[in-house]
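Working notes, beginning with the structure itself.
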Amino acid sequence: MTTLVMGATGAIGRALVAELLSRGQSVAALTRDAGRATGLPGGVEVRQGDFRRPQTLKRALEGVERVYMLADPDVAHTVAESLRQAGVKRIVAVVSAVLDERDARGRVRNVIEDAVRGSGAEWTILRPRAFASNAVTWWSRTIRLHRGVHWVYPQARLSPIREADVAAVAAAALTEDGHAGRTYMLTGPESLTQAEQVEIIGRAIGAEISYHEIPREQAEEVLGDHGIPAEIIRKLLDTLEAAVDTDAQVTSTVQQVTNRPARTFARWAAEHVNDFR
Ligand SMILES: NC(=O)c1ccc[n+]([C@@H]2O[C@H](COP(=O)([O-])OP(=O)(O)OC[C@H]3O[C@@H](n4cnc5c(N)ncnc54)[C@H](OP(=O)(O)O)[C@@H]3O)[C@@H](O)[C@H]2O)c1
């Protein structure tokens, strides 16, 4: 029984591939460009495909029964239909609350979740809150260059989750029974301001890191340089603004599903010192 990991070259996907292999699973790794899929463990079959071009998924899904699914909202239903046609029996999908929308009656809905729930397969939805790895995307370049971050809302509180913990929950949902029809809200174990996260990274690399608060418009430019669409940038910055001086939600779902607690941000930073040095 083969499991296809979409986003296998990404932060969660790489950790998930390793976790599934350690559980003795047969794993196929999806990427848009096999030439970039370096550093994946031996024993993984790299398959090429692009979820924005569903016809490319057909070959990638040959012989696949379980899928760790990523998608964008505008193609989510097409991707779910491709999985249905390929006979996929179990889907574990990661979705972002930043993509939530309100319908005409004001109810919150998420297009990717709707597509997965309507796929006909057994499904589990993972809703991780902020990833610890956002610190690499947002801050690593300037920390490496001059021991500083230029970022918004230092007092915004988040409960950053380590990618390996999301992967551990995904692996459990893909390989064990009892997770079908469940939606898991995943967080790290503590509510931390962004300024505290930067201090923790500083302690991990043994350096003092300054936090220069920048206006929102400048953060929009930084995120735009990472290729993030304007609408997502707006929602992301709205989320951070709303989190200023507000305790972040902390759940115990990682502990409940994997039988061990979610790891701290300090532990994550210690694992990632090379990204910041
Ligand atoms: N950052 C957060 O705080 C946060 C919170 C909640 C949820 N999320 C969601 O979590 C998901 C996974 O994040 P991550 O950090 O593991 O990923 P990531 O490190 O950002 O990497 C993105 C992955 O998606 C793949 N990908 C992108 N477009 C694709 C396409 N059109 N077809 C096939 N594959 C494609 C890339 O594969 P190739 O480049 O190899 O093709 C890559 O492996 C994302 O969907 C994100 O929206 C993020």
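Values below: every heavy atom of this structure, side chains too, minus hydrogens, waters and symmetry copies. Counting starts at 1 for both ligands and their atoms, following the listed order. We number each residue from 1, following the sequence as shown.
Given atom 23 (C) of ligand 1, the protein heavy atom at minimum distance is Gly7 CA, 3.9 Å. Of the protein's heavy atoms, Gly10 CA, 4.5 Å lies nearest to atom 22 (C) of ligand 1. Given atom 37 (O) of ligand 1, the protein heavy atom at minimum distance is Thr9 OG1, 3.2 Å. Given atom 31 (N) of ligand 1, the protein heavy atom at minimum distance is Asp50 OD1, 2.7 Å. Among all non-hydrogen protein atoms, the one lying nearest atom 16 (O) of ligand 1 is Ile12 N, 2.9 Å. Among protein heavy atoms, the minimum distance from atom 35 (C) of ligand 1 is reached at Phe51 CE2, 3.5 Å. The protein atom (non-hydrogen) at minimum distance from atom 8 (N) of ligand 1 is Phe131 CZ, 3.4 Å. For atom 6 (C) of ligand 1, the closest non-hydrogen atom on the protein side is Pro128 O, 3.2 Å.
Residue contacts with ligand 1, taken as heavy atom pairs separated by less than 4.0 Å, involve Asn134 solely via side-chain atoms from C-beta onward. Residue-level proximity to ligand 1 for Val94 is carried by the side chain, the only part with a heavy atom below 4.0 angstrom.
For the pair Arg117 and Trp123, the cation sits on the ring face: its NZ or CZ lies under 6.0 Å from the ring centre, inside 45° of the axis.
For atom 20 (O) of ligand 1, the nearest protein heavy atom lies 4.0 Å away or farther. Distance check on atom 46 (C) of ligand 1: every protein heavy atom falls at or beyond the 4.0 Å cut-off.
With Tyr184 as the fixed residue, the side-chain hydrogen bond (donor to acceptor under 3.5 Å, both in side chains) test singles out one of Arg127, His179, Gln256: His179. Put simply, the residue from Arg267, Arg260, Arg263 that forms a salt bridge (charged side-chain N to carboxylate O under 4.0 Å, His left out) with Asp165 is Arg260.
In this structure, a donor-acceptor pair under 3.5 Å is present between the side chains of Gln194 and Trp151. At a cut-off of 3.5 Å, with distance as the only test, no side-chain donor of Ser159 or Ser191 sits close to an acceptor on the other residue. Trp139 and Gln197 share no side-chain donor-acceptor pair at under 3.5 Å. A donor-acceptor contact closer than 3.5 angstrom links the side chains of Arg23 and Thr175.
For ligand 1 and Arg52, the ligand atoms under 4.0 Å from any heavy atom of the residue are 31 (N). Proximity to Val95 (heavy-atom distance under 4.0 Å) selects the following atoms of ligand 1: 7 (C). Close contacts between ligand 1 and Ala130 involve ligand atoms 3 (O) [criterion: under 4.0 Å to a heavy atom].
The closest non-hydrogen atom to atom 27 (C) of ligand 1, taken over Arg129, Arg32, His226, Arg53, comes from Arg32. Nearest to atom 12 (C) of ligand 1 by heavy-atom distance, out of Asp33, Leu70, Leu126, is Leu70.
Within the structure, the closest approach of Arg36 to ligand 1 falls below 4.0 Å when heavy atoms are considered. Ligand 1 lies nowhere less than 4.0 angstrom from a heavy atom belonging to Ser133. Not a single heavy atom of Val75 lies less than 4.0 angstrom from ligand 1.
In summary, Arg216 and Glu241 engage in a salt bridge, as defined by a charged side-chain N under 4.0 Å from a carboxylate O. By the 4.0 Å N-to-carboxylate-O rule, Asp100 lies too far from Arg109 to be salt-bridged with it.
Taking the six-membered ring for Trp and thresholds of 30 and 60 degrees, His150 and His146 have ring planes more than 60 degrees apart, a perpendicular arrangement.
Below 3.5 Å of separation, one finds an N or O of Thr31 facing an N or O of ligand 1. Considering backbone and side-chain N/O atoms, Ala11 comes within less than 3.5 Å of an N/O atom of ligand 1.
The backbone N or O of Gln255 sits nowhere less than 3.5 Å from a side-chain atom of Ser252 that would complete a donor-acceptor pair.
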What's the verdict on side chain to side chain donor-acceptor pair (under 3.5 Å) for Arg129 and Thr187, showing C-alpha distance, side-chain angles and the deciding distance? CA-CA 6 Å; Arg129 302 306 294 259; Thr187 75; over 6 Å; no
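Residues Val67 and Arg90 have side chains not in contact (no heavy-atom distance under 4.5 Å, counting atoms from C-beta outward).
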